[in-house]
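Lettering of chains follows the sequences in order, A, B, ..., and the numbering in each one begins at 1. Small disclaimer: the values here were computed from a predicted structure and weren't measured.
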4 protein chains.
Amino acid sequence: MKPEAPGAIAAAVDAGEVFSPVPPGEKYQRILDAAVEVIAEKGYFNAPVSAIAARAGVADGTVYLYFKSKDDVLRTAIDRNFDRFHRQVIERFQEVHDPREQLEYIAQVHLESGSVNRAMAIVMQTEVRQSAQFIAEFSHHHLVKYIQVVREVIRRGQQQGIFRQDISDGVVAHCMFGAIDELLSSAVFTGRSYDAKATAKQVLDVLLNGINRA
Amino acid sequence: MKPEAPGAIAAAVDAGEVFSPVPPGEKYQRILDAAVEVIAEKGYFNAPVSAIAARAGVADGTVYLYFKSKDDVLRTAIDRNFDRFHRQVIERFQEVHDPREQLEYIAQVHLESGSVNRAMAIVMQTEVRQSAQFIAEFSHHHLVKYIQVVREVIRRGQQQGIFRQDISDGVVAHCMFGAIDELLSSAVFTGRSYDAKATAKQVLDVLLNGINRA
Amino acid sequence: MKPEAPGAIAAAVDAGEVFSPVPPGEKYQRILDAAVEVIAEKGYFNAPVSAIAARAGVADGTVYLYFKSKDDVLRTAIDRNFDRFHRQVIERFQEVHDPREQLEYIAQVHLESGSVNRAMAIVMQTEVRQSAQFIAEFSHHHLVKYIQVVREVIRRGQQQGIFRQDISDGVVAHCMFGAIDELLSSAVFTGRSYDAKATAKQVLDVLLNGINRA
Amino acid sequence: MKPEAPGAIAAAVDAGEVFSPVPPGEKYQRILDAAVEVIAEKGYFNAPVSAIAARAGVADGTVYLYFKSKDDVLRTAIDRNFDRFHRQVIERFQEVHDPREQLEYIAQVHLESGSVNRAMAIVMQTEVRQSAQFIAEFSHHHLVKYIQVVREVIRRGQQQGIFRQDISDGVVAHCMFGAIDELLSSAVFTGRSYDAKATAKQVLDVLLNGINRA
DNA sequence: GATGAATGAGCTTTCATTCAT
DNA sequence: AATGAATGAAAGCTCATTCAT
């Protein structure tokens, strides 16, 4: 958020992925998609580069023309997914300003990700949390960004007198992320389908009003 | 059996480890502990059995005297941890009957697990969610058990007229588990320490009353 | 395919290797040859893949580029040897029709195998009979084929009134195979060299006329 | 035959195994039997000492109280089997003097070994021929002894004018051993049962009279 | 004599990565 | 740009043998 001028964000939004510094290229994308699919099916460490290449319809060596390493493929896929999420949320915030509606939108987009691309959702659930070593550090960065957005919304709501002031915005933000992510996780792994919008409403109802009988 | 002094057995009895069907044994436990430590540090797939054995102070082959495979070591460690959690909760429920207090106790024990054994908490955060292949299936069983306990408490609260009846106990249960697990995760990975009891109170406050200004 | 000069292919055609369904390839053959040599020297279970690879002048992993497993290497070598034997016999039968001469030819080719490729002969003597588990089942198939060919010759001889009718073709076939194989075995292990043609004649003389003084 | 005085043989025969330099002992024999069974089932290299010990009902370490090594167990079992065979033949030769009957007796005892102890027969078929390295050298010694006995019978028959003089006693001896061993092998592996005496007669008929129509 | 827990060398196999073509 | 054959390090696991009890 900080390093980029608002104009730059707008431009990127308008242009889609065109100005991304990485070479898009047909095969580039095919490798990314294949990697997510294969890793979702077998897990990162059981997904040989050769299997990813085969799924993408390229030679093993070609993967290394587009990516530095196997790590790099997964990292890039996760990065792009987080970025898309983040961009989508920021975009919407330019139209919707009510903190409650903003939180609901975040919940909705988060929950929708399970049906938009199930393989990616599985990867996000399994591989992002994993291996404190090589993924965690960088994916932590994205998590933090998500949490920060939510915290800012909460704080704005508190300033506007909509939300209680006697609660920690950090705790609430983590609770909200965790609650939604767990619902998503449960749905993705059991293969259940659900209505993202309706589920988002339910979660927000609990978060906003609690479960105590009024 | 031989390596333990009778006193140790008595202590184990007191500690509630008695019904475990597996032979404790000095090395058995050392291998389990070492595995959790090494896997927490490097991740399951980057933790060679040789490293686990070295950490436990035994020969590589000795690991296979106590466990069928590398998988089996991790599985056992996770099983035992889940079981301890579950036992602890069930025990307390015999004294505490108020649904709100029960939920708070679950939250507290869940959050405490991060400080009781940080390595284990990391493993639970990283490896349990992972590799849909070989862990997920069995760890899913434990998750389900956790969720079930919470759902039952919610339902009881609804029957007693304490909780709102217009909400899904499943959604609430997943939200609660997710919220707490995310808080724990965040604290464990950033290395922050926190007061489990106080944090549990905060989470329950949000869950019960929501964040809307009354 | 690439490593072979066209001339080599033509030579292979002449040599009757053409119908083999497996990709010949330079390294493929080198690995097979190396495997037979090393296994002849040390026995299958004392011949590490690394030793075979080293003898073939390739990296350990390369063996698995051409063969599914260590088993597969040995199995393939034995298969090819049996097939060559069988093909050679069948071919000759199109010119030679006298049952006695046919048996003599089989004996001769069988005995020649010891001098053509001593390592292979040793492998056939030691490993084929061995390990009821993984070799026996498949090599039994080849043995049966050999025996069948001999039985058919015997039966034809009986029908033509050349051979006695009061003897079991099965017993005679096994006797003949066993007798020749034992002679070969003895020669191979003691390192004695012999004249295959002359020895074949002697064996057939005994088989046809017996050792009783007329 | 040569190194031992007749008296020594007679004494050994009379005394059974009592003066054998190895400690008989109950467990000693149980280990030998168990080894033969397990090795027959799984092959030498797939038969762990622990499995042999378990089958024998003793601890792993106990095997090493009676034998120097795993090799030694197998070697001893094979030795004893060969010796029993040899002793049985020599004994009978003191009553039966006709070369034809002697050969027939050898064939019969050889063929009977399949039904007397199938596991041992399998071991003799699979492991004796194997691994030029550690078994072959010593088992060669026994083979040679067998062949020598047969050769002497043949030569005696030639001297007595019963057998043809224009054939090599060595070739005939190997042929006879090989023929019988192959019949035995075939029967043992296919699990067929047969009449040893009748089969011995058939083999000798072929060997003595040949298969040519008179 | 008897045990069986412990050892650690050694095995087969996989796979990320390179590089000649 | 693209290939895919080749590499070799590294992993999980087995098991003959030892030795303290």
Participant: Charged N to carboxylate O under 4.0 angstrom, Arg118(D) versus Glu37(D)?
Facilitator: no
Participant: To the nearest angstrom, how far is Phe67(A) atom CZ from dA16(E) atom P?
Facilitator: 15 Å
Participant: Begin from the C-alpha positions of Val49(D) and Tyr64(D) and carry the test side chain to side chain contact (heavy atoms under 4.5 Å, CB included) through to its verdict.
Facilitator: CA-CA 10 Å; Val49(D) 171; Tyr64(D) 291 85; 3.7 Å; yes
Participant: Distance check needed: dT12(E) C1' versus Leu74(C) CG, whole Å only.
Facilitator: 15 Å
Participant: For a quick check under 3.5 Å, do Asp71(A) and Tyr44(A) share a side-chain donor-acceptor pair by atom type?
Facilitator: yes
Participant: What is the distance, rounded to the nearest whole Å, between atom OH of Tyr66(D) and atom C1' of dT17(F)?
Facilitator: 18 Å
Participant: Does Arg75(C) pair with Glu127(C) as a salt bridge, N-O distance under 4.0 Å?
Facilitator: no
Participant: Whole-Å distance between dT13(E) C1' and Asp72(C) CG?
Facilitator: 14 Å
Participant: Please report, rounded to the nearest Å, how far the P atom of dG12(F) is from the NZ atom of Lys68(B).
Facilitator: 17 Å
Participant: Hey, does the side chain of Lys27(A) come within less than 4.0 Å of dA1(F)'s phosphate (OP1/OP2), counting only N and O?
Facilitator: no
Participant: Can you see if the side chain of Thr62(B) gets near the phosphate of dA6(E) - specifically, an N or O under 4.0 Å from OP1 or OP2?
Facilitator: no
Participant: So what does Ala47(B) touch, heavy atoms closer than 4.0 Å: a base, only the sugar-phosphate, or nothing?
Facilitator: sugar-phosphate
Participant: Can you check whether Lys70(B) has a side-chain N or O nearer than 4.0 Å to OP1 or OP2 of dA11(F)?
Facilitator: no
Participant: May I have the distance from Ile52(D) (atom CD1) to dC15(F) (atom P), rounded to whole angstrom?
Facilitator: 11 Å
Participant: Step by step, work out the side chain to side chain contact (heavy atoms under 4.5 Å, CB included) result for Arg55(D) and Glu41(D).
Facilitator: CA-CA 12 Å; Arg55(D) 183 78 63 107; Glu41(D) 283 168 25; 3.0 Å; yes
Participant: For the OH atom of Tyr66(B) and the CG atom of Leu32(B), what is their distance to the nearest 0.5 Å?
Facilitator: 11.5 Å
Participant: Assign each of Gly61(C) and Ala59(A) to its nearest nucleotide of DNA chain F by heavy atoms, then name whichever residue's nucleotide is nearer the 5' end.
Facilitator: Ala59(A)
Participant: Using atom CZ of Phe45(B) as one end and atom C1' of dG12(F) as the other, report the distance to the nearest whole Å.
Facilitator: 12 Å
Participant: Remember a base hit wins even if backbone is also touched, and classify Val63(B) as base, sugar-phosphate or nothing at under 4.0 Å, heavy atoms.
Facilitator: nothing
Participant: For DNA chain F, list all stems, counting runs of three or more consecutive pairs where every pair is Watson-Crick or G-U wobble with both distances under 3.5 Å.
Facilitator: E:2-21 with F:2-21
Participant: Once you round it to whole Å, what is the distance between C1' of dG4(F) and CG of Leu65(C)?
Facilitator: 9 Å
Participant: Applying side chain to side chain contact (heavy atoms under 4.5 Å, CB included), run through Thr76(B) and Tyr28(B) and close with a yes or a no.
Facilitator: CA-CA 11 Å; Thr76(B) 303; Tyr28(B) 181 84; 3.4 Å; yes
Participant: Which residue, Tyr64(A) or Gly57(D), contacts DNA chain E at a nucleotide closer to its 5' end, judged by nearest heavy atom?
Facilitator: Gly57(D)
Participant: Given that Asp60(C) and Asp60(B) both sit by DNA chain E, which one's nearest nucleotide is further toward the 5' end?
Facilitator: Asp60(B)
